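All values derive from a computational prediction rather than experimental measurement. Note: hydrogens, waters and symmetry copies are ignored here, and every other heavy atom, side chains too, is used. Numbers restart at 1 for each chain; the letters A, B, ... are given by sequence-line order, proteins then strands.
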2 protein chains.
Amino acid sequence: MEEIKTPDKREYILDVAERLFAEHGFEGVSIREISKAAAINIAMVSYYFGSKEKLYEEVVERKLIISNLLLSEIDKHEKYADKLFATVDVFINRLFENRQFQNIIFRELTIQHRSGMTDTILAQLHKNFSLLIEIIQKGVKNKEFKKVDIELTAMTVIAVIKTYTTSERMAYRILHLENAHSAFDVKYKNRLRKHLREILSNHLGIEEK
Amino acid sequence: MEEIKTPDKREYILDVAERLFAEHGFEGVSIREISKAAAINIAMVSYYFGSKEKLYEEVVERKLIISNLLLSEIDKHEKYADKLFATVDVFINRLFENRQFQNIIFRELTIQHRSGMTDTILAQLHKNFSLLIEIIQKGVKNKEFKKVDIELTAMTVIAVIKTYTTSERMAYRILHLENAHSAFDVKYKNRLRKHLREILSNHLGIEEK
DNA sequence: GTCTATATATGGATAGAC
DNA sequence: GTCTATCCATATATAGAC
């Protein structure tokens with residue numbers, strides 16, 4: 001009963017491709033390498049996806065969805081400070097989990113248009129930023145927060161998490177971590193979480209409980 | 001008297017190569033494209049630099065020097081708050097000026113070792129971070145600053161500037177700029193500068209003058 | 001669906017004339 | 001120093017057998 005589950009195989013190829021694209025960039029990997037790593041025949045890439053370009057696009061688009069699911073988690077809080085902290089936690093978790101994917105996204109932003117995909121990516125980033133911006137905006141209007149540069153405050157949150165997750169080796173060196181691979185341990189995730197809460201509390205004038 | 005100034009030509013090729021590598025990544029440009037853009041013969045790349053790899057390394061290494069020159073500017077301040085702000089200004093200016101180069105550096109960090117260059121880059125980044133870390137450290141010890149997570153505070157500064165300069169189009173969308181190319185105008189540079197000063201003042205407990 | 005074989009293009013590098 | 005011509009490796013993509 002050795003049935004081949006085609007959708008699983010597709011997903012698996014996409015997983016492998018995502019990792020390799022993240023590690024070496026689009027031009028840095030060949031479909032030969034991808035097929036070898038995914039243990040399939042080279043011709044299968046064309047068969048499943050049409051071309052290397054299409055495969056790449058599918059890798060990006062498949063994960064470029066906002067997890068609206070978690071928004072209910074945020075909405076249940078009453079104070080904007082708590083909504084904000086909950087949102088920050090969502091971002092930390094998401095960026096920690098998808099850091100290899102995020103490297104693809106980020107690289108796509110710095111590389112001169114490979115395709116019209118950049119617009120889709122920018123639209124998605126805009127949505128993510130908007131989550132933070134709206135909360136801060138309302139908190140300020142509500143006098144719960146001090147007046148600040150709202151957009152740059154939102155950018156600060158994303159920037160710190162993104163920079164932290166970008167390079168394990170950089171984090172290791174700069175932050176004097178225990179070992180080269182501990183940057184994404186719970187311990188250091190909490191350190192980052194605590195830092196961001198403090199930065200935001202101080203900046204927005206949120207009182208500690 | 002049409003004398004060809006060789007060192008200038010070398011520099012010119014490096015300039016062109018830097019721009020193209022920044023725009024498309026190492027594998028994303030061919031030496032054919034570089035030579036065409038620099039109006040030289042393809043064979044000249046090998047002649048001047050030995051190989052594409054060597055050219056790339058030279059592009060990186062030529063700018064990977066700390067500008068110690070500016071440190072005297074920082075040292076002349078008495079208060080650590082002023083030293084810190086002066087340092088932030090140095091970083092803003094440097095990252096604004098070298099943003100295409102910074103994209104190369106950043107990409108190099110996220111890409112799995114093309115060469116041993118990553119170590120050199122990490123060492124340089126470490127030095128840059130240390131500039132900030134030392135000032136914050138001394139300020140805290142001196143009770144001029146509140147106690148904070150020093151390394152992550154330094155990372156926050158670099159992260160915000162880096163993220164801002166990474167994508168003109170992102171900045172344009174998120175920050176609602178006047179036009180697509182104004183992100184690096186003095187006006188917005190000052191907006192970023194002001195934001196960072198406020199973030200740091202609030203976080204470190206620096207009193208406004 | 002899966003594979004081999006192949007068409008075709010493009011890449012980096014260099015030999016050798018000038 | 002500069003250029004043409006060319007070698008050779010590697011890339012994507014696909015035709016066609018199974």
TODO: Using a 4.0 Å heavy-atom cut-off, write out nucleotides 11-18 of chain C from 5' to 3' as B (base contacted by protein), S (sugar-phosphate only) or - (no contact).
DONE: BBBB----

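For the side-chain hydrogen bond (donor to acceptor under 3.5 Å, both in side chains) condition, no pair includes a residue of residues 130-140 of chain B, sequence neighbours left out.
In summary, B/D149 and A/K194 do not engage in a salt bridge, as defined by a charged side-chain N under 4.0 Å from a carboxylate O.
Between A/K36 atom NZ and D/dT10 atom C1' the separation is 14 Å, expressed in whole Å. Here the P atom of nucleotide C/dG1 and the CZ atom of A/F49 are 12 Å apart, to the nearest Å.
Residues satisfying the ring-ring contact (aromatic ring centres under 6.0 Å, His included) test with B/F96, not counting sequence neighbours, are B/Y164, B/F184.
Between A/E23 and A/L20, some side-chain heavy-atom pair lies under the 4.5 Å cut-off.
Between A/F106 and B/F106, the ring center distance clears the sub-6.0 Å criterion.
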